[in-house]
Amino acid sequence: MKTTFISVILLSSLLAISFAGCKKDEEDKKKDPNHLGWVYDPSPYTGPTVPRNFPQPTYTANNNPLTEEGVLLGRMLFYDPILSGDSTLACAGCHKQENAFTDTRTFSIGIDGIAGRRQSMPLFNMMYGSKFFWDGRAANLAELALMPVEDPIEMHETWPNNIAKLQAHPDYPKRFYEAFGVEPDDLTKEYAAKALEQFLLSLVSGNSKFDKAVRGTDELTAAEERGFILFNDQLGADCFHCHGDGSANQVFQEINAIRQFRNNGLDAPATPQGFADYGLGEFTGNINDYGKFKVPSLRNLRFTAPYMHDGRFATLEEVIDHYSTGVKAASPNIDAGGMEYASQGGVQLTAQEKADLIAFLLTLSDDEFVTDPRFSNPFE
Ligand code: HEC
Ligand code: HEC
């Protein structure tokens with residue numbers, strides 16, 4: 001009896017709604033995307049795929065397969081300042097394509113003119129990532145993509161405001177419908193996050209001179225070759241322990257090697273609490289993690305200066321000088337295994353060796369990536 005009674009009420013209220021709807025038919029058509037001929041039939045993404053000298057991607061986007069519509073929407077959101085509090089700053093404001101999607105400023109500036117405390121990070125080959133940011137606090141790109149918007153010293157906006165702006169926009173509601181089949185009224189920040197995640201995962205960089213040499217379509221010079229050997233030589237520059245070697249399953253730390261967060265001996269405060277930035281320790285709260293930072297990719301260094309989490313080195317020469325003679329053995333939590341020569345200040349390279357090493361590092365830069373129109377500002 002009770003059930004029937006409820007169904008009757010439900011049925012009559014539904015009828016009431018649809019009758020009311022008849023009167024404002026024209027208005028409803030505007031609201032209802034299906035009446036506007038919007039189509040939800042996304043096509044699988046056909047953009048850059050993983051190069052054949054790379055290992056299988058390890059990142060799994062949770063129920064978010066890349067589609068042409070999703071990647072394009074993510075790209076639009078990435079370049080659109082609409083997501084920031086005063087509509088002046090997009091993700092792309094601190095992640096510039098010409099710089100392999102990082103910032104040349106030591107510290108990026110948010111919409112209120114306040115500088116952050118870490119160097120921006122280049123964005124590519126995240127299909128091998130599992131811990132993002134210098135301190136690894138984001139495990140997932142969709143979650144991560146929501147953070148800069150609400151960060152008070154970055155884009156300083158709320159997601160409810162952004163959803164309202166997107167719903168009122170002349171173009172975005174259709175784009176969201178085409179990418180995810182979501183009606184404008186049901187739009188949530190999770191859909192924006194999914195679109196951004198798709199665009200971030202589409203940023204594949206694998207056409208450096210080094211890659212081409214591995215694939216047999218280019219050749220390293222003698223100096224570059226010497227630098228490569230030094231990089232991978234324990235008795236030479238000894239870099240591969242942390243940054244990975246050029247083998248197919250490492251490709252210079254594009255995968256999550258065991259040495260994911262390390263202290264490479266930049267500073268030596270008396271105690272772990274003396275580090276200006278706790279890095280991984282700030283996230284884990286473990287005192288043994290203070291001063292450890294994500295081991296970054298060494299791809300695209302030609303475009304990504306300044307270097308390190310605080311942008312302290314302006315040039316690769318300065319970076320190499322650090323590893324050669326500037327390592328601080330007394331640094332708390334230093335990676336003793338990886339920084340084997342710390343007690344003598346570093347790996348002690350000659351001027352020739354330094355030049356060779358830099359020549360090799362620069363072969364890992366990918367000119368096609370920083371000019372690829374598929375990653376560029378879609379509004380220009
Ligand atoms: C005000 C400058 C600024 C803006 C705007 C900004 N970022 Fe960032 N981004 C940074 C900085 C700085 C870091 C490093 C932060 C840290 O480690 O704590 C970073 C790190 C990242 C990373 C981590 C990469 C890695 O390899 O771990 C991703 C991904 C990223 N940003 C994506 C985005 C997206 C998507 C947006 C827009 C929604 C955005 N960023 C907006 C400055 C910015
Ligand atoms: C003990 C592990 C370890 C070893 C060995 C090591 N690195 Fe690093 N490297 C790191 C870590 C960790 C960072 C980031 C540190 C930070 O920002 O505080 C880094 C950062 C860098 C950067 C800056 C990249 C950027 O995007 O800012 C370059 C370049 C670099 N290393 C090159 C080298 C070279 C060349 C060698 C060999 C001479 C080497 N590394 C040896 C762990 C290591």
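All ligand and atom numbering here is 1-based and tracks the order in the structure. Source: prediction; values computed, not measured. Numbers here simply count residues along the sequence, with the first being 1.
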May I ask you to check if ligand 1 and V149 share an N or O to N or O distance below 3.5 Å? no
Under a 3.5 Å distance rule, please check whether K194 uses its side chain to pair with a backbone N or O of N63 as donor and acceptor. yes
Interatomic spacing from CG in N161 to CG in L83 - rounded to 0.5 Å: 11.5 Å
Nearest non-hydrogen contact with atom 1 (C) of ligand 2 belongs to which option: G337, G338, C242? C242
Measuring from non-hydrogen atoms of V347 to any atom of ligand 2, is the shortest distance under 4.0 Å? no
Got a sec: is H95 within less than 2.8 Å of atom 8 (Fe) of ligand 1 via an N/O/S atom? yes
Are the side chain of H95 and the backbone of F101 linked by a donor-acceptor contact shorter than 3.5 Å? yes
Member of N162, L196, T158 meeting the side-chain contact (heavy atoms from CB on, under 4.5 Å) criterion with V149: N162
Could a heavy atom of K294 be found less than 4.0 Å from some atom of ligand 1? yes
Between Y323, F360, F252, flag the one that comes closest to atom 31 (N) of ligand 2 by a heavy atom. Y323
Less than 4.0 Å is my threshold; does some heavy atom of L349 fall inside it relative to ligand 2? no
Should Q119 be counted as touching ligand 1, given the test is an N or O pair under 3.5 Å? no
Any N or O of S108 that comes nearer than 3.5 Å to an N or O of ligand 1? no
Tell me whether T304 reaches ligand 2 (any heavy atom closer than 4.0 angstrom to a ligand atom). no
Considering distance alone, does some N or O of M308 sit under 3.5 Å from an N or O of ligand 2? yes
Between W134 and ligand 1, does any nitrogen or oxygen pair lie at a separation below 3.5 Å? yes
Give a yes or no on whether a salt bridge exists between D366 and K209, defined as a side-chain N under 4.0 angstrom from a carboxylate O. no
Using heavy-atom distances only, which candidate in G227, A100, C239 approaches atom 34 (C) of ligand 2 most closely? C239
Hey, are E368 and K212 close enough for a salt bridge, meaning a charged N less than 4.0 Å from a carboxylate O? yes
Sub-4.0 Å heavy-atom contact, H241 with ligand 2: no
